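Working notes, structure below.
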Amino acid sequence: MRKLLFNAKVYVEKGKFAEAVLVENDKIVAVGSNDEIKKILDDKQKIEVIDCKGKTLIPGLNDSHLHFMQFGETRNQAMIESVTSIDEMIEICKEFASSHPNYVKEGLHAIGWNQDNFIESNRLPDKNDLDKISTEFPVVLERVCGHIISTNSKLLEILDIENNKDLFKDGDFLVGEDGKPNGIFTGNGCNIAKRLIPDFSLEERRKILIETMEYAVAHGLTSVQSNDVGTTFMDGPGAFKLFHDIYDKGEGLLRYRHQVCFNNVEDFKEYLENGEYVHGVYPKDSWLTLGPLKLFKDGSLGARTAFMTDGYVGRPNDHGLEWISVEDMDRYCKLAKEKGLQVVAHVIGDEAVKRTIDSYEKAFVDGENKLRHALIHCQITSGELIDRIAKLNILVFAQPIFLDYDMKIADKLVGSKLASTSYAFGSLARKGAHVAYGTDCPVEDCNPFPNIYMAVTRKDKNGNPKEGYYPNECVDVETAIDAYTLESAYGEFMEDVKGRIKPGFLADMVLLDKDIFTVEHDDIKNILPVLTMVGGKVVYKKN
């Protein structure tokens, strides 16, 4: 079946536009002016015609890193992401528990609080606060970054830390003035505590995933590279089976690439020798693909657990959290090299960036980054680190949308000198580094347009500061779109067939309600699709 999209402003590449696109099955077969494409049409062949009415058509947007399943979960949990006090969070959770008794009878879990948004006090919520929600069932409330959680006394009772200390490393949980666990966990302690909250059933997860896909395509996403297995979805085999079932039945609405986590090196080795890596079936044309190993090197800036070389302002001996040791990181990367597997790692602090690059470089193939190892977030960087990333051709999966919050705390935490060379999307792109954009959803919404707006303007969602936050790191609109399309495709070794509107490429495209190239930059964040196409199929159309 052929489709003709005509009378459009088609973005081909920087400085080049067309008017019409001819699609056959799942591929683009021709791009040109309206007249050029009409001349090659065969009147005898059935064709579906879509009049774009002068609107702008761009390649499908590809989120290089998010947690898709977790986003779906947050849409089915107590909504605490915008709370401005601990008391407000308590009341929201109590109301949710009262109206959803079946959801919480064995435990309540939600994500989204941020102590820096608390108006009266920015202390971390602890067990005494969460006990006001319930002492009958366990409660786990995650900070927006996922690197700190607060729990109630019931969960501590079930966890019985005193008799299970061998499960924890130093710093995995905090203690109160009485020397006893106060219900706050960091690092891997978060995962240990969260496991006590019963999971969604597979049928519930299927429904959540499909609903989340509907939301994503309605916002212009045609591909996601998602870390769900090993974080949100601890049952790896069950997760892989669920995704296979959805896509084998043709129910997937967008392309999904797994980024897979492990609790330890031995689990990773088992996966490589006997797990999904060996036995998973992923046909060449599948919308579902098996991607890289995902690692966590440190925590987050807002939680003060990002791994910093010189510590934090006023706290030089506080270097944050090194989640994976150098030795284990080297082992992970060595095993990945042996199997020809890409590694992508969560790195936020400058020391986390440096040490991860060190581990990557040891595992280069023939002295080059041929496996396309990537730095996810890569927030706090010196000029020297930026140069090194570009020189070694190490990929960066960046989240410009993080600036909405981080610009308010970065200078205070790391100092203006270091902050001025951080979130360096412009410098990295100008030096030739491969920079792909994503949202780390649900840390931020997966809607890509506020993300593009942030990269272009360096302003928060309210338009401040007027001149932009370190505006020399702004990028132009074309660079931002390329980062969300071609560069994200490069990150999954698909830049030859994905991320451009060109003959031979996959027919993944988004028709916009406003011209992103001419609209006021402050209005980019308000753009929405009127049509989203994946593999030649219209998966979303605005009514």
Side-chain angles (χ1 to χ4, degrees), residues 8-17 52-64 218-222 378-379 396-408 410-411 419-431 433 435-441 443-488 499-501 509-532 542:
K9 181 179 179 179
V10 182
Y11 176 60
V12 178
E13 59 188 28
K14 186 173 289 191
K16 185 176 180 180
F17 294 85
C52 297
K53 300 179 180 178
K55 294 187 181 299
T56 299
L57 188 70
I58 64 172
L61 297 160
N62 180 346
D63 194 307
S64 63
H219 289 81
L221 288 175
T222 60
C378 191
Q379 290 173 209
V396 173
F397 292 173
Q399 294 72 35
I401 190 67
F402 281 5
L403 282 172
D404 183 58
Y405 164 63
D406 285 6
M407 70 172 70
K408 300 174 178 64
D411 291 74
S420 70
T421 58
S422 298
Y423 307 87
F425 321 125
S427 292
L428 286 164
R430 288 190 293 271
K431 290 177 182 292
V435 184
Y437 289 172
T439 56
D440 200 26
C441 183
V443 175
E444 297 286 346
D445 192 282
C446 65
N447 181 352
F449 295 101
N451 205 18
I452 293 172
Y453 154 81
M454 210 76 66
V456 172
T457 67
R458 307 275 295 190
K459 299 177 184 179
D460 66 19
K461 293 173 184 175
N462 296 319
N464 297 311
K466 298 300 181 184
E467 70 283 0
Y469 178 75
Y470 296 110
N472 58 302
E473 293 297 343
C474 292
V475 302
D476 58 39
V477 173
E478 291 89 346
T479 297
I481 290 174
D482 289 351
Y484 238 124
T485 55
L486 189 65
E487 292 293 355
S488 288
R500 285 287 194 223
I501 300 179
M509 295 176 282
V510 183
L511 191 65
L512 307 179
D513 64 355
K514 299 174 184 176
D515 185 355
I516 194 169
F517 300 101
T518 61
V519 74
E520 291 290 334
H521 286 170
D522 285 355
D523 204 24
I524 290 174
K525 63 181 177 293
N526 301 316
I527 291 174
L528 286 171
V530 295
L531 181 145
T532 304
K542 185 177 180 181

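Because the structure is a prediction, the values reported are computed rather than measured.
- Nearest heavy-atom pair across Ala398 and Val435 is CB-CG1, 4.0 Å.
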Salt bridge (Lys or Arg N to Asp or Glu O under 4.0 Å) between Glu520 and Lys514, intermediate numbers included: CA-CA 10 Å; Glu520 291 290 334; Lys514 299 174 184 176; over 6 Å; no
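- Here the options are Asp406, Asp411, Asp460, the test is side chain to side chain donor-acceptor pair (under 3.5 Å), and the partner is Tyr469; only Asp411 passes.
- The shortest distance between side-chain heavy atoms of Pro529 and Lys542 does not fall below 4.5 Å.
- Remark: the backbone N or O of Thr421 is not paired with any side-chain donor or acceptor of Ser427 at under 3.5 angstrom.
- Interatomic distance, Asp404 CG to Arg458 CZ, rounded to the nearest 0.5 Å: 12.5 Å.
- Separating the SG atom in Cys446 from the CD1 atom in Ile401 is a distance of 11.5 Å, to the nearest 0.5 Å.
- In this structure, CZ in Phe397 is found 10.5 Å from CG in Asp63, a value given to the nearest 0.5 Å.
- For the side-chain contact (heavy atoms from CB on, under 4.5 Å) criterion with Tyr437, the lone passing option out of Asn62, Val475, Thr485, Val396 is Val475.
- When each of Thr56, Leu531, Ile527 is checked for a side-chain contact (heavy atoms from CB on, under 4.5 Å) with Asp513, only Ile527 meets the rule.
- When side chains are defined from C-beta on, Lys459 does not count as touching Met454, because their heavy atoms never get closer than 4.5 Å.
- Using a 4.5 Å cut-off on side-chain heavy atoms (C-beta onward), Glu478 and Phe517 make contact.
- How far CG of Leu511 is from CD1 of Ile58: 9.5 Å, rounded to the nearest 0.5 Å.
- Cation-pi check for Lys525 over Phe449 is not met; the charged atom does not lie both under 6.0 angstrom from the ring centroid and within 45 degrees of its normal.
- Side-chain contact check for Thr439 and Asn451: no donor-acceptor pair (N or O, by modelled atom type) lies under 3.5 Å.
- The closest side-chain heavy-atom distance from Thr479 to Lys14 is below 4.5 Å.
- Between the side chains of Thr518 and Asp515, at least one donor N or O lies within less than 3.5 Å of an accepting N or O.
- Note: Tyr423 and Phe402 fail the aromatic proximity criterion, with ring centroids not under 6.0 Å apart.
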Full working for side chain to side chain contact (heavy atoms under 4.5 Å, CB included) between Val456 and Phe425: CA-CA 10 Å; Val456 172; Phe425 321 125; over 6 Å; no
Side chain to side chain contact (heavy atoms under 4.5 Å, CB included) evaluation trace for Ile524 with Val477: CA-CA 9 Å; Ile524 290 174; Val477 173; 4.0 Å; yes
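- The aromatic rings of Tyr11 and Phe17 sit tilted, their planes meeting at an angle between 30° and 60°.
- A pairwise comparison of heavy atoms in Pro59 and Ile501 identifies N-CD1, 3.7 Å as the closest pair.
- Atoms CD1 and CD1, from Ile516 and Ile481 in turn, are 4.0 Å apart once rounded to the nearest 0.5 Å.
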Val510/Thr222 under side chain to side chain contact (heavy atoms under 4.5 Å, CB included): CA gap, chis, key distance, verdict: CA-CA 8 Å; Val510 183; Thr222 60; 4.3 Å; yes
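- Residues Thr532 and Met509 are not in side-chain contact: their nearest non-hydrogen atoms beyond the backbone lie 4.5 Å or more apart.
- Side chains of Arg430 and Glu473 form a contact here, defined as non-hydrogen atoms less than 4.5 Å apart.
- Rounded to the nearest 0.5 Å, atoms CG (Asn447) and OH (Tyr453) are 13.5 Å apart.
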